[in-house]
Q: 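I am attaching a structure below and will ask some questions about it afterwards.
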Amino acid sequence: MLDNLDEFFKGFGYTLFLFLVCAVASMALGILLVAMRVGPIAVLRSLATVYVSVVRNTPLVLIFIFFHFAAPIIGINFKWVQVHVGSFDFTSAFATAFVALSLYTACFVCEGLRSGVNAVPMGQAEAARAIGLPFGGVMTQVVLPQAIRASVPPVASALIAMLKNTSVAAIFFLAEATAAMRGLTNDYSSQRIGIFLCFAIGYIVLVEIVSMISLSLERRWRVA
Amino acid sequence: MTATPEAAVAPGSARPGEPLVELHGVQKWYGDLHVLQDIELTVGRGEVVVVIGPSGSGKSTLCRTINRLETVDQGDIKVDGKPLPQEGKALAAHRADVGMVFQSFNLFAHKTILENVTLGPIKVRRTPKAQAEARAQELLDRVGVGQQAAKYPAQLSGGQQQRVAIARALAMEPKVMLFDEPTSALDPEMIKEVLDVMVDLAERGMTMIVVTHEMGFARTAANRVVFMADGRIVEESDPETFFTQPESDRARDFLGKILKH
Ligand SMILES: Nc1ncnc2c1ncn2[C@@H]1O[C@H](COP(=O)(O)OP(=O)(O)OP(=O)(O)O)[C@@H](O)[C@H]1O
Ligand SMILES: [Mg+2]
C-alpha cells in the first residue's frame, strides 16, 4: 500500500475535485430550485416540484446511465471536455459524473433548503413585505439568511451523501478513489483488507471534514 | 385632546381632513366564511381610528387588506386617492407608504435592532447607509430603545420589541400606520410604554388605524371608534359616545363583556 500512495492520493484527488465542483453546482441549482418552489410564479413552482420528485426518486446509477448511454444518442455528450491540470485529466467521464451528481444532489439541497424556509415563521416574510420589499428582497434579505441557517444540517447531509456517491463514478470510467481502490485490490489481492481500510479511512476523513465545517457554520450562524 | 394635525404632519401632506384611506363595498370570503361584508370606511388625513370588536369579527383581515397582505374579492381600496396596485413593484412601493405593526412584533430575528430599522430605508428607499442609520438612531431614541441598537430582537422584552417595530415602520415615512392588536401579546406592565409611543404618534398628526381593545388609548387618542361584528361595520362614533352610549345591541353586549374584566 505504501508503495502506491500516489495512486491513493490521485484517486482521492479526483474524488475531492468532483465533490467540490458538484457541491458548488448543486448548491447553486438547489437555491434556484427552492426559489422556484416557494416563489409566487405557479408555472415555475410546478416545474421545480416535478423536477425534484422525478430526479430524487430515480436511482443515481440510472441517472449516470442516462448521461453515459442515452444522452449521447440525443446529442448530449461531453466528449469536448478536455482539461488537463498537472497529472489530472478532466474528460468526458469527469464531466458526466459532474452533471449526473449535481443534478441529482440539487434535489436534496433544494429539499433541505425548503425545510429551512418552512422553519422561518410566516410573520418574518410578512413584515418584510410590509416595509415594501419586493419578492426578491424578501427572500434575499429576510427569509433566505434565516432559512440557510436552519438548513445547514440537512444540506450538509445532502453534501455528505453526495461525497460518498462520487464512488458511483468508478463504474463509469472515472479514476476516482473507489476505482483506484479496485485497481489496487486487483493488483495486490493478498493485501485486500489493508487497502480497503485505507480507502475507507480516506472517505471517513473527508466526511468528517465536511461535518466539522457544517457544525462550525451552525454554531456561527445561530440566530440570536 | 386630539392632535392638531396642521402643526405636526410632514410638509407637503398638510391637507388635514381629506380622505387618505378609502374602502368602498369591500367583500372578502374565506371559502364559505364571509369575513368582510360591504365594508365602507374612510379615514381622513391625520385621523386616528380605533377598530374594536369580538374575536373573529374580521378586524385583522380589514387591517391587512389595506396594505394588501390580504386580497379582497370585491370592492375597492384607495390610499391617497390611488387604488391599490395588484402586484409587483407598484404594490411594494405602496406597502412602503403604509406602516404596519403586528401583534407578534415580527422583528427580523437575524438582524440587529438598528439593522431592523434601516433595512427598509436602505433597500427600498435607497437612502445612503449613514443617513439611514442616523435617522434610525433618532427614531429608536424617540421610542426609548436607543440604548439597545446593537442587540438582537431576542435580547429585548416584548414591549421594547414592539417599540422597535413601530420605529421600523416609521423609518419608511409612511402616510398611514396600521396597528393590529399591538399590545395584546404584552405583559400588563409593558402595555403602557407601547401605548405612550402610539399616543405621541397620534399627537404628531400621524394617520392611524388601530385594532385594539385598549379603551384608554381609544379615549385619549382616537377621533373615531369603528365597531365590527361578523365581518360588518356595525357602528361608528366618537369614543366617548361609543363607550358611554353604544347604539347597537351587539356593541352594548360586547362592551358589557370587556368592561367586566
Ligand atoms: N387564512 C385564513 N383562512 C381561513 N379563514 C381565516 C383565515 N384568516 C382568518 N380567517 C377567519 O376569518 C375570520 C376573521 O378573522 P380575523 O383574524 O380578521 O378576526 P379578528 O377580528 O382579527 O379576530 P381576533 O380578535 O381574534 O384577532 C375568523 O373567523 C378567522 O377564523
Ligand atoms: Mg386579529
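This one's a predicted model, so the numbers in the text were calculated from it and none came from an experiment. In what follows, every chain begins at residue 1, and chains take the letters A, B, ... in the order their sequences are listed.
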Q: So if I take each residue of residues 114-131 of chain A and look for any heavy atom under 4.5 Å from a heavy atom in chain B, which residues do I end up with?
A: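 Result: Gly123(A), Gln124(A), Glu126(A), Ala127(A), Ala128(A), Arg129(A), Ala130(A), Ile131(A).
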Q: Residue by residue, scan residues 61-71 of chain B and write down, ordered by number, those that have a heavy-atom distance under 4.5 Å to chain A; if none do, write 'none'.
A: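 Within residues 61-71 of chain B, near chain A: Arg64(B), Asn67(B), Leu69(B).
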Q: Flag the one option from Val98(B), Leu178(B), Leu107(B) with the top tally of heavy-atom pairs under 4.5 Å to chain A.
A: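 Ranked by contacts with chain A, first place is Leu107(B).
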Q: Write out, in numerical order, the residues from residues 43-64 of chain A with a heavy atom short of 4.5 Å from a heavy atom in chain B.
A: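 At a heavy-atom separation under 4.5 Å, chain B is reached by no residue of residues 43-64 of chain A.
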Q: Identify which part of Lys151(B) has an atom lying under 4.5 Å from any heavy atom of chain A, answering side chain, backbone, both or neither.
A: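 No part of Lys151(B) comes within 4.5 Å of chain A.
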Q: Check whether His110(B) reaches the backbone of Val143(A) with its side chain - one donor and one acceptor, N or O, closer than 3.5 Å.
A: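 Pair absent, no side-chain N/O of His110(B) close to backbone of Val143(A).
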Q: Taking 4.5 Å as the heavy-atom cut-off, does anything in residues 12-21 of chain A contact chain B, and if so which residues?
A: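 So far as heavy atoms go, nothing in residues 12-21 of chain A approaches chain B to under 4.5 Å.
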Q: Given that the side chain runs from C-beta out, which part of Leu91(B) has a heavy atom under 4.5 Å from chain A: side chain, backbone, both or neither?
A: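 Leu91(B) has no heavy atom closer than 4.5 Å to chain A.
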Q: Given that the side chain runs from C-beta out, which part of Phe108(B) has a heavy atom under 4.5 Å from chain A: side chain, backbone, both or neither?
A: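 Both the backbone and the side chain of Phe108(B) come within 4.5 Å of chain A.
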Q: Please determine whether the number of non-hydrogen atoms from other residues, nucleotides or ligands lying under 6.0 Å from atom CD of Gln147(B) exceeds 12.
A: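 For Gln147(B), atom CD is not crowded (no more than 12 foreign heavy atoms under 6.0 Å).
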